[in-house]
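We're numbering straight along the sequence, starting at 1. All heavy atoms count here, side chains included; hydrogens, waters and symmetry mates do not.
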Amino acid sequence: MIELLAPAGNFDALKAAVNAGADAIYLAGENFGARAYAKNFSRENLIDAVKFAHLRGVKIHVTAITILSDDELENFADFIKFLKKIHVDAILVQDLGAAKIIQEIAPEIPLHASTQMTIHNLDGVKFLEKIGFSRVVLSRELSLNEIEKISKNSSIETEIFIHGAICVCYSGQCLMSSIIGGRSGNRGKCAQPCRLPYKLVDKNGENFLKNVGDYLLSPKDLNSLQILQKILQTGVNSLKIEGRMKRPEYVATVVKIYRDAIDGKISPNSQKNLAQIFNRDFTTAYLEKNPGKFFISDKRPNNRGILIGRVTKIFENKITIKTSEKIFIGDQIEIWVKVGGRVTFTVENFHSDGDFCTFEIKNSRGIKINDRAFKIFDANLDAEAKKYFNGEYQRKIFVDAEISAKISQPLILKMTDIDGNSATAQTNFIAEFAKNRPLTAEILQKQIGRLGNSVFTLRNFDVDLDENIMIPISELNEVRRIVTEKLEKIRLDNFILPAPKIIKSTRKIFPHNKIYLKSPEIIAQVDSLEKIKIALESGADSILFSGENFQGNVFSPDQLANFAELVHSMKKNFYFYTKSLIIRR
């Protein structure tokens with residue numbers, strides 16, 4: 001069965017994801033996750049989160065994907081010991097040093113390679129399999145054909161993103177936030193510089209692009225709903241929704257839509273609701289083909305809602321919009337003003353006349369006839385989404401109850417859940433002949449079915465009951481409590497991972513022999529002939545010639561051979577640094 005993997009940045013989002021139908025949740029503790037500015041989960045919250053999810057048959061994957069510094073290793077190791085104790089189902093990492101620590105402390109916990117590892121080919125997946133990983137989150141730059149080739153030729157699991165925000169860079173390779181903002185994405189503190197306005201200028205400083213927006217690096221959001229059936233055929237094991245910084249309402253809406261789609265329930269409003277809850281315009285990214293310039297949402301870097309119509313009339317404090325969507329009190333509407341900027345208001349009072357809605361607003365300044373109107377917040381959709389974490393919609397586990405109630409014997413209750421787990425208990429009270437009100441099957445079903453405070457709900461009820469029998473209601477309540485507690489413990493225990501069957505030493509990352517280092521040497525990384533000469537004259541022991549440069553130079557194989565010959569003539573080493581990624585697009 002393919003896994004639907006949902007994000008949770010807080011406990012409400014966790015409940016929303018579970019109740020909306022996720023098979024697994026990924027989240028982070030207070031440290032080492034890739035979303036330092038999400039609320040995240042304290043250790044106490046993590047204990048509750050694991051119990052909440054496991055009782056409902058849902059796995060918990062913990063992200064520990066920041067690059068670690070030496071002074072963090074002790075705290076990281078302590079965190080892994082804690083995750084082992086509470087029985088999480090997987091840990092995601094980017095740092096191979098972090099993976100080594102996990103393997104030494106908790107070898108039974110599956111290791112998942114984060115998309116920040118930028119694994120984009122079969123050899124990369126096989127390498128990670130060899131050193132003990134059980135799953136790889138593939139780079140978001142891969143096509144469906146490439147995903148299928150990797151997934152169907154790999155012995156470990158593969159996971160891909162199917163919905164949500166996308167990085168403008170190769171997965172895990174962006175250093176832009178660190179360079180210009182001092183906040184590293186690889187430390188979980190990305191400032192999202194790709195969402196800022198930029199200009200592309202020529203050598204004279206003049207704007208090189210015409211008739212485009214200012215957000216030249218801001219990608220659209222991924223939406224793969226329309227090609228979901230093709231994705232399911234690739235053999236990928238897990239479908240991941242991005243969004244640990246998103247509201248619980250977003251999580252509930254998106255998870256429910258993809259859950260239904262995976263289960264073959266297609267709603268005509270699915271795409272509209274995905275766009276309404278949040279979108280920067282949508283793309284299938286590289287899954288089908290290279291989208292080129294259509295990958296970028298250059299007009300707006302944040303939620304644009306859905307287009308509902310255009311302004312037809314303007315008064316001092318009123319505007320009329322010809323709408324294509326129904327409007328309700330509490331909706332938020334945004335007018336895209338032609339001269340730039342936005343005018344946003346919450347619907348409080350309005351008059352509807354067919355397709356024309358007249359709204360009272362505080363300020364109509366700048367709005368012109370024919371300006372576009374977008375609904376950026378749908379009050380009804382938001383209210384429906386809240387039901388998935390406010391207790392109205394709950395994910396319950398069906399149980400079947402069997403009761404034997406015989407005179408002069410204790411009542412015996414057996415409950416079996418939908419997954420085949422069973423628990424049995426009996427009353428301390430020995431059944432007697434009833435003097436007044438005998439116990440009936442209806443009374444028994446009513447009392448045993450009172451499971452509201454547990455994760456269970458009664459489905460089938462079978463009773464073998466003597467006539468004119470008496471057992472106190474308090475005894476029925478107590479035996480029900482004992483059985484449900486036993487069944488809950490069984491369900492939780494099912495998630496305890498067994499000790500690994502492989503010998504620990506065979507699973508070590510890079511199990512090389514001891515390395516004896518030479519004396520230190522100076523290696524100069526350069527990207528031109530002039531720099532090679534200067535580096536050699538200045539005393540460099542080796543030259544690292546970069547395959548990437550910012551000068552626009554392209555060197556032929558013959559030129560590179562000449563560079564190497566020059567370096568070797570000085571009895572120095574010549575190393576060639578290839579591009580960090582080889583992805584043809």
Once you measure the plane-to-plane angle for F52 and F11, does it fall in the parallel (<30°), tilted (30-60°) or perpendicular (>60°) bin? perpendicular
Compare all side-chain heavy atoms of L492 with those of K51 and state whether any distance is below 4.5 angstrom. yes
Determine whether more than 12 heavy atoms belonging to other residues, nucleotides or ligands lie under 6.0 Å from atom NZ of K386. yes
With the threshold set at 4.0 Å, does a side-chain nitrogen-carboxylate oxygen contact exist between E442 and K446? no
Apply salt bridge (charged side-chain N to carboxylate O under 4.0 Å, His left out) to D466 and list each qualifying residue two or more places apart in sequence or on a separate chain. K406
Quick test of your reading of the model: are K387 and E384 salt-bridged, counting only N-O distances below 4.0 Å? yes
Do K489 and E485 sit within salt-bridge range, that is, some charged N less than 4.0 Å from a carboxylate O? no
Is the shortest heavy-atom distance from the side chain of V93 to the side chain of I91 under 4.5 Å? yes
Thinking salt bridges, do R491 and E488 make one under a 4.0 Å N-O criterion? no
May I ask you to test the H61-L5 pair for a side-chain heavy-atom distance under 4.5 Å? yes
Regarding S454 and R481, is there a side-chain donor-to-acceptor distance under 3.5 Å anywhere? no
K15 charged N/C atom sitting above Y388 aromatic ring, 6.0 Å / 45°: no
Go through T457 and L451 one step at a time and tell me if the side chain to side chain contact (heavy atoms under 4.5 Å, CB included) criterion holds. CA-CA 6 Å; T457 187; L451 299 165; 5.6 Å; no
Please tell me whether N31 and N75 have a donor and an acceptor in their side chains that are separated by less than 3.5 angstrom. no
Regarding D23 and R259, does a basic nitrogen lie under 4.0 Å from an acidic carboxylate oxygen? yes
Does any pair with a residue in residues 243-283 pass ring pair (Phe, Tyr, Trp, His ring centres under 6.0 Å), and if so which ones, sequence neighbours excluded? H163-Y258, H163-F282
Compare all side-chain heavy atoms of L228 with those of L239 and state whether any distance is below 4.5 angstrom. yes
Can you confirm whether F374 sits close enough to I308 that some side-chain heavy atom of one is under 4.5 Å from a side-chain heavy atom of the other? no
When you compare the side chains of N273 and N269, does any donor N or O come within less than 3.5 Å of an acceptor on the partner? no
Would you call K81 and D78 a salt bridge, using N to O less than 4.0 angstrom? no
Are side-chain heavy atoms of T424 and K486 found at a separation under 4.5 Å? no
Pair I403, F461 - check side chain to side chain contact (heavy atoms under 4.5 Å, CB included), show working. CA-CA 8 Å; I403 291 180; F461 184 79; 3.6 Å; yes
Please determine whether ring pair (Phe, Tyr, Trp, His ring centres under 6.0 Å) holds for the pair H87 and F495, giving the CA-CA distance in whole Å, both sets of side-chain angles, and the decisive distance to 0.1 Å. CA-CA 7 Å; H87 307 299; F495 283 89; 9.8 Å; no
Holding to salt bridge (charged side-chain N to carboxylate O under 4.0 Å, His left out), I want the full list of residues that pass it with E432, two or more places apart in sequence or in another chain. none
Taking everything shown except E467 itself, do over 12 heavy atoms lie less than 6.0 Å from its CD? no
Heavy-atom neighbours of K59 NZ exceed 12 at 6.0 Å: no
Could R247 and D382 be called an ion pair, given the rule that one side-chain N must be under 4.0 Å from one carboxylate O? yes
Under a 3.5 Å threshold, yes or no: a donor from one side chain and an acceptor from the other, between S143 and E146? yes
Do I156 and R135 have side chains that get closer than 4.5 Å, going by heavy atoms? no
Would you check if T284 and Q226 make a side-chain contact, meaning some heavy-atom pair closer than 4.5 Å? yes
Side chains of N237 and E3: do they bring a donor and an acceptor to under 3.5 Å? no
Scan V125, T118, V236 and name whichever one has a side chain to side chain contact (heavy atoms under 4.5 Å, CB included) with L138. V125
Side-chain donor-acceptor pair present, N45, S42, cut-off under 3.5 Å: yes
Distance-only polar pair, side chains of Q271 and N223, donor-acceptor under 3.5 Å: yes
Cation-pi, F82 ring and R43 (6.0 angstrom, 45 degrees): yes
